[in-house]
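Each chain gets a letter, A, B and so on, in the order its sequence line appears, and its residues count up from 1.
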Protein chains: 2
Amino acid sequence: MDQDQITRIRNFGRAVAVEVGALEDSFLDRGRPLGAARVLNAIGLGYQNVADIRSVLKLDTGLLSRLLRSLEAEGLIETSPHPQDRRARVATLTRKGQAEFDIYETLSDERAAQILNRHKNAPRLLEAMDIVTIALSREEIVFEEIDYASDLATTCLNAYAMELGARLNVEFDLKKAGDPDLSQMKHPHGTFVVARLGDMPVGCVGVKGNGGQLAEIKRMWIAPAARGLGLARRMMTAAEDAARDLGIEVLRLDTNSTLFEAVKLYQTMGWTQIDRFNNDPYPDLFFEKHL
Amino acid sequence: MDQDQITRIRNFGRAVAVEVGALEDSFLDRGRPLGAARVLNAIGLGYQNVADIRSVLKLDTGLLSRLLRSLEAEGLIETSPHPQDRRARVATLTRKGQAEFDIYETLSDERAAQILNRHKNAPRLLEAMDIVTIALSREEIVFEEIDYASDLATTCLNAYAMELGARLNVEFDLKKAGDPDLSQMKHPHGTFVVARLGDMPVGCVGVKGNGGQLAEIKRMWIAPAARGLGLARRMMTAAEDAARDLGIEVLRLDTNSTLFEAVKLYQTMGWTQIDRFNNDPYPDLFFEKHL
DNA sequence: GATTATAGCTGACTAAAGTCAGCCATATGG
DNA sequence: CCATATGGCTGACTTTAGTCAGCTATAATC
């Protein structure tokens, strides 16, 4: 292991520890001990079962109980027995508690905005942060079939369109690019798969079918920060598996030679180049694979 | 301010807070309170004056005093009056203390190595971390004239050579590329300027002179992670100022058209293109500026 | 050499965090 | 229905962190 690389990571660790400390200090300025603030935030974020709060904050049962009592005494939360299991309890924010939670949220947002404002190259910094977030995450990347019209899908598709536009140096418009109608990207005809890490989308791919044995791969996208991790191959495999499950026998796709990483991937995954099969303006390369 | 950007920064914050917490937990496993561990580490890192420890760790005089006492009781440190001011004290590690400090260092190194190991694309992650480190740092980038043969200069020059090699797609060898002899990059003939953030080098530039009124800019480099921050312009200005101070009236430089960002910078900073003035194999563009 | 400032230590205190045994109410499995 | 497990609460406690006034020794200033 290269000592210079270790040093760089440790410098990073030092820098972010300072930042984490500063955020906690700003929380303390609200006059409440950090432990209580953390519990309030956990509840605001949706951890309402007392057991969940305990596990996410790694608190002792006695300690959490007392912190809940102190928040209750402040009038910030209310607790009641869990409807399914009356031994367990759920905590909810009162109106006052919601207001206080919102203030903590604002404090966090402000710190984030400050970091962004004092930096000259925001997109680059954000991508760097995404890379680090992905690298530090202990969660697995999960692949999930979701609705093509959902928020998560839309986020992915917008990123896809922006990037393709920049790559092909045109104003890329999903509508003009033969936007498939919703039913084609849905069971039983097709599907839409996202890869996500927690609630952060890191990739997507669509299978567009019409009920026949032939379907098309569309909207394959990997978040810039998630590249170089072998995710594209896993995405394609997930799409092929989903297509097979739908009874599809042949998959096709179109792409542009500018996207050379993608082209290389198709070639090494058993796709063969075929003749143009549509008249879309953007693609100039066409592939097929028998499942 | 874009809420999506804020969300990305906050996701980042959450991820690193977990990592910071995990490192602190691993420190606690040594059976010593965090405060004491921090003091021990500060001493090991070279903060030996009690006043320095206090300012770097932001501790109250009473609290620090007690922490020092507890480390002394463990036999990890020794304190003695400061030789110049016998009111002040200096703390030094005993052999046992050094061993314990080394263990903390190993713990930190191991965590860093773990992050690196579970990531598939180490160079990209490291650059991302550098970008974040620079962005979060509250320190200013300082420009400093240093010895061309010093360690810091060598670090910069190696990075410069590696990168130029990759950029020009050849095995770039500083020696072959007309490596200037040391005296030409030193006062009174020339100089070598580094930009650094703490002890992290983020850029360098050399002025190579021979005592005449004509000198040459060499080895201009900006760390990848520090790009897009307007640093190149500041580096060049620093080099020109240093040259002026040395009584130099005309500066020249050679460059390669592949380095288009650099070429553009020279053009906007008042440099004019001139004819080839050497026979080096790498450059294909030549500039001059009257100071 | 008297006055004032500075560095660090000690005692006395408070607040926050964390631990643990024992308790009660409820759920679960035979 | 009984035995056992589970979820959370309370009381009693310890440790860690932090604050502050007052003290001593030394240094700096005039």
Side-chain angles (χ1 to χ4, degrees), chain A residues 17 20-22 24-43 47-74 76-92, chain B residues 17 20-43 47-74 76-92 104:
Chain A
V20 169
E24 294 187 343
D25 282 350
S26 83
F27 273 25
L28 282 175
D29 286 345
R30 296 288 311 153
R32 202 168 286 111
L34 210 52
R38 263 200 271 262
V39 172
L40 185 69
N41 278 306
I43 298 169
Y47 298 97
Q48 308 204 313
N49 295 336
V50 169
D52 292 346
I53 302 172
R54 207 159 43 221
S55 79
V56 74
L57 298 180
K58 296 193 184 93
L59 291 176
D60 173 86
T61 109
L63 182 50
L64 176 56
S65 182
R66 260 174 273 268
L67 290 171
L68 288 172
R69 243 30 75 220
S70 85
L71 290 171
E72 238 168 9
E74 276 196 90
L76 299 175
I77 65 165
E78 278 163 356
T79 62
S80 53
H82 190 288
Q84 266 80 58
D85 181 345
R86 307 205 318 167
R87 291 170 303 182
R89 313 215 98 210
V90 291
T92 50
Chain B
V20 169
L23 180 61
E24 293 187 344
D25 283 349
S26 83
F27 273 25
L28 282 175
D29 287 345
R30 296 291 311 156
R32 204 167 286 113
L34 212 52
R38 264 200 271 263
V39 172
L40 185 69
N41 278 306
I43 297 169
Y47 298 96
Q48 307 204 315
N49 294 336
V50 169
D52 292 347
I53 302 171
R54 207 157 46 219
S55 79
V56 75
L57 299 181
K58 295 192 183 89
L59 291 175
D60 173 86
T61 109
L63 182 51
L64 176 56
S65 181
R66 260 174 273 268
L67 291 171
L68 288 172
R69 244 28 77 220
S70 84
L71 290 171
E72 239 170 7
E74 276 195 89
L76 300 173
I77 65 165
E78 277 163 356
T79 62
S80 54
H82 190 289
Q84 265 79 58
D85 180 346
R86 307 202 322 166
R87 292 170 302 182
R89 312 215 98 212
V90 291
T92 51
Y104 283 117

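- Atom pair B:Q84:CD and D:dA28:C1' shows a separation of 16 Å (rounding to whole Å applied).
- In this structure, CG on A:L64 lies 4.0 Å from CG on A:L68, to the nearest 0.5 angstrom.
- Only at 4.0 angstrom or more do the heavy atoms of residues 48-57 of chain B sit from any atom of DNA chain D, so none qualifies.
- Between B:D25 atom CG and D:dT16 atom P there is a gap of 15 Å when expressed in whole angstrom units.
- In this structure, CG of B:L68 is placed 14 Å from C1' of C:dT10, rounded to the nearest angstrom.
- Residues forming a side chain to side chain donor-acceptor pair (under 3.5 Å) with A:R69 (at least two apart in sequence, or on another chain): A:E72.
- For B:R69 and C:dG8, the CZ to C1' distance is 8 Å, given to the nearest whole Å.
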If a protein heavy atom is under 4.0 Å from the base, mark B; if only from the sugar-phosphate, S; if neither, -; do that for nucleotides 14-25 of chain C going 5' to 3'.
--SSBBB----B
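- A straight line from CD of B:E72 to P of C:dC9 spans 8 Å, rounded to a whole angstrom.
- Protein atom CG of B:L28 is 12 Å distant from nucleotide atom C1' of D:dT15, rounded to whole Å.
- Partners of A:R87 by side-chain contact (heavy atoms from CB on, under 4.5 Å), not counting sequence neighbours, listed by chain and number: A:D85.
- Identified under the salt bridge (Lys or Arg N to Asp or Glu O under 4.0 Å) test for residues 51-65 of chain B, with sequence neighbours left out: none.
- By the side-chain contact (heavy atoms from CB on, under 4.5 Å) test, B:S55 pairs with no residue at all, sequence neighbours left out.
- Taking CD1 of A:I43 as the reference point, atom CD of A:Q48 lies at 7.5 Å (rounded to 0.5 Å).
- Every residue two or more places apart in sequence or in another chain was checked for a ring-ring contact (aromatic ring centres under 6.0 Å, His included) with A:Y47, and none qualifies.
- When rounded to the nearest whole Å, the span between CG of A:L71 and P of D:dG8 equals 16 Å.
- Both A:D85 and B:S65 lie close to DNA chain C; mapped to their nearest nucleotides by heavy-atom distance, the more 5′-ward contact belongs to B:S65.
- In terms of the side chain to side chain donor-acceptor pair (under 3.5 Å) criterion, B:R66 has no residue partners (sequence neighbours excluded).
- Annotation: salt bridge (Lys or Arg N to Asp or Glu O under 4.0 Å) contacts involving residues 24-39 of chain A, sequence neighbours excluded, comprise A:E24-A:R38, A:R30-A:E100, A:R32-A:E74, A:R32-A:E100.
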